[in-house]
Enquirer: 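Please find one structure pasted underneath; my questions will follow.
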Number of protein chains: 2
Amino acid sequence: MAVTMNDVARAAGVSLKTVSNVLNDYEFIRPATKQRVQDAIAELGYEANLTARSLRSGKTRMLGLVLSDLSAPYYAELASRLMKAAAQRGYRVLVEQSDAVGDAELNALQGPFRQLTDGLLFTPLVMDADAIAGRLGKKPLVMLGEHILDPRFDLVTMKNGEAAAALTSHLVAGGRRRIAVLGARADESAGSAGLRLNGYRSALDKAGIPFDPALVAPCEWRRDEGAAAVAGLLDRGIDFDAVFGLNDAIALGAMHELLIRGIKVPEQVAVAGFDDIDEARFASPSLTTVSPGMAEIAERSIALLIDRIEGRETAGEGVQVESGFQLQIRESAP
Amino acid sequence: MAVTMNDVARAAGVSLKTVSNVLNDYEFIRPATKQRVQDAIAELGYEANLTARSLRSGKTRMLGLVLSDLSAPYYAELASRLMKAAAQRGYRVLVEQSDAVGDAELNALQGPFRQLTDGLLFTPLVMDADAIAGRLGKKPLVMLGEHILDPRFDLVTMKNGEAAAALTSHLVAGGRRRIAVLGARADESAGSAGLRLNGYRSALDKAGIPFDPALVAPCEWRRDEGAAAVAGLLDRGIDFDAVFGLNDAIALGAMHELLIRGIKVPEQVAVAGFDDIDEARFASPSLTTVSPGMAEIAERSIALLIDRIEGRETAGEGVQVESGFQLQIRESAP
DNA sequence: CTGAAAGCGCTTACAG
DNA sequence: CTGAAAGCGCTTACAG
């Protein structure tokens, strides 16, 4: 049997409530009493039972993180940072993978997962704003790194459009005119893919370069899909002098396929990505990309969610946070 | 207020216990009763309170996963698979990052983290067998992908030594004689690093190639460290014709550094890694490595841990599982 | 097959 | 500042 608060109370000669007060940093405790309780805790090696605390208080001090796939490098790095930011504030992060399946997202939103957490960081890939708003419940939810700009939701994201435009302009400044875009999603205009695609188009507009839909290839945001997408363009005989992967994984997959086929990067085709995952620096050639300020995203989304949970943030409408970005110009598109 | 079992019992006209029986798939319930309860559950939208269940039963249906850093690609892929394997069996995985810090490992082993989980998958980098055995507690613990081969512990791992030897023999068969090893750890002879290093040495022995300690460079298992380690060898003027990174991240970092310096891979220096992370296939040149059967490791470690938790595995001594491996010969060391 | 009672270990009003 | 009581929502013996 584990040591309980009752044991501590008995050992210290006080009531249960007094022990509870000490544990919860209640202000008005006589120093001597407090000391006696703390001594008893130390002596008995008492540790609070978190489950009992949760049952009574209704709080778990866990945050839910819903994303499609933890093995994607961007999400892995993000999850790692989020966990550290949460730990500093006394919270843990419980991760749920949705595999970009709608049912899984729905489950994370209202199933048992929700019960286990005091609030959610949510990266929806399938559900739209109305579907989410309809299942919202009363626990706080912060949209993460995603697209749904809706006054009903808190959102921590980056300047997807601006950053994509800046990257595209950089490619144009390097003399590229036919820039293929990999990773667009047909069904999604407001999502990250859509926002980045819009940024690309606006940069082309600004440069007076006509938009060619033949240069836009949809694919999932993985290395193998990026490779397949660029292979498709080549096999269809489509001419291009640059590739913009809507994330780094796509770009790295595409770059691999180009090199395999003997196409020189960046001499014949420049390649650029998005996310600045660690891998981008060490690719050969190293990958030009956009750094989305992941540290800031992690820090601010955790802070916002916990502020909501603990009632410090009380804005009726959603709070929108946009982190800054930085171009990382490297060998693949100098 | 959420719907409780009491509400369901009242609606169905049965006692609490009967509702509990239905929820827990107790065999002997009259079908009509069961149906009435299930109808009431559906009608009221009842969902069991997991916290209350945990408090009473002492089970959380969560598994703890302790590793150094979730953003390392191997761990990210492994965690993703473990979560899926656990989910299939009705368990969740709660991840704790130790940053390879001893205190953090100790905390995960006996702090509140332990309370939240029914069992642990543990990848210790600092603590040794005796330290762990001393803090073991009564909840099951499975050593994961690591070195501690001790009859007191359950262990799921791979054939580190054999695989490293096979890879080294492959390099030797390709004509390499001076094979640098990156990622050795001075303090660790039994760990993964030590086992892989031993495999390397035994393969050299077999080939009649003398072991040269100057070719062994210690470093952390990250890309930047692999790059720095190979840079160190080059700057010290040490001659080598192959690099064996003790994991893929090291090898990829080293390969990047070689290419930056105009050294041709594999013509001048062959490069090989260990883990077969997705990134290895898409590197340029693609990376020769060892596939450790991660799917098998994930599946078997989850199965073993849950068998322990649920009392199906009752061996008094530790159960040792070694997954198979496969050489992945690619461009960096054909 | 089903019920009434006890209790897991805390926190939360409510008194004083 | 501190105490006695109630109760969070379940499961677990124990009866019958």
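In what follows, every heavy atom counts, from backbone to side chain, and hydrogens, waters and symmetry copies are set aside. Every chain is numbered from 1, with letters handed out A, B, ... down the list of sequences.
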Enquirer: Just how far, in rounded Å, is P of dC8(D) from CG of Asp7(B)?
Expert: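 After rounding, the gap between these two atoms is 11 Å.
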Enquirer: Before accepting this row, confirm whether a basic side-chain N of the pair Asp39(B)/Arg36(B) lies closer than 4.0 Å to the acidic partner's carboxylate O.
Expert: no
Enquirer: Taking the same atom, C1', in dG3(C) and in dT11(D), what whole-Å distance lies between them?
Expert: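 To the nearest whole Å, 14 Å.
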Enquirer: Any N or O donor-acceptor pair linking the side chain of Arg56(A) to the base of dG7(D) at under 3.5 Å?
Expert: yes
Enquirer: To the nearest Å, give me how far apart CG (Leu55(A)) and C1' (dT11(D)) are.
Expert: 12 Å
Enquirer: Let me know the distance between CG of Asn49(B) and C1' of dC8(D), rounded to the nearest Å.
Expert: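 Result: 8 Å.
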Enquirer: Does either side chain, that of Asp118(B) or that of Thr60(B), offer a donor lying less than 3.5 Å from an acceptor on the other one?
Expert: yes
Enquirer: Taking 4.0 Å as the cut-off, does a side-chain nitrogen or oxygen of Thr4(A) come that near to OP1 or OP2 on dC8(C)?
Expert: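 Checking Thr4(A) against dC8(C): no side-chain N or O falls below 4.0 Å of OP1 or OP2.
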Enquirer: Is Glu310(A) salt-bridged to Arg312(A), going by a charged N under 4.0 Å from an acidic O?
Expert: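 Salt bridge: yes.
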Enquirer: Considering only atom C1', compute the distance from dA4(C) to dC10(D) and round it to an integer number of Å.
Expert: 15 Å
Enquirer: Round to a whole Å and report the spacing from CG of Asn6(B) to C1' of dG7(D).
Expert: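 In whole Å, dG7(D) C1' lies 12 Å from Asn6(B) CG.
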Enquirer: So what does Leu23(A) hit on the nucleic acid, given a heavy-atom distance under 4.0 Å: a base, only sugar-phosphate, or nothing?
Expert: nothing
Enquirer: Are any of the side-chain nitrogens in Arg92(A) or Glu96(B) under 4.0 Å away from the carboxylate oxygens of its partner?
Expert: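 Yes.
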Enquirer: Looking at Ser20(B), I'd like to know whether one of its side-chain N or O atoms comes within less than 4.0 Å of OP1 or OP2 on dC10(D).
Expert: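 Negative; the distance criterion is not met.
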Enquirer: Just how far, in rounded Å, is C1' of dT2(C) from CE of Met5(B)?
Expert: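 These atoms are roughly 13 Å apart.
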Enquirer: Do any side-chain nitrogens or oxygens of Ser57(B) fall under 4.0 Å of OP1 or OP2 in dC10(D)?
Expert: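 No.
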Enquirer: Could you state the atom-to-atom distance from NZ of Lys34(A) to P of dT2(D) in whole Å?
Expert: 11 Å
Enquirer: Students often get this wrong, so: under 4.0 angstrom with heavy atoms, is Thr33(B) touching a base, only sugar-phosphate, or nothing?
Expert: sugar-phosphate
Enquirer: Starting at CD1 of Ile41(A) and ending at P of dG9(C), how long is that distance when rounded to a whole Å?
Expert: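 From Ile41(A) CD1 to dG9(C) P: 16 Å.
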Enquirer: Go nucleotide by nucleotide along DNA chain C from the 5' end; which of Asn21(B) and Ala48(A) gets its closest nucleotide reached first?
Expert: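 Closest to the 5' end, via its nearest nucleotide, is Asn21(B).
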Enquirer: Taking atom P of dC8(C) as reference, at what distance in whole Å does atom CZ of Arg53(A) sit?
Expert: 18 Å
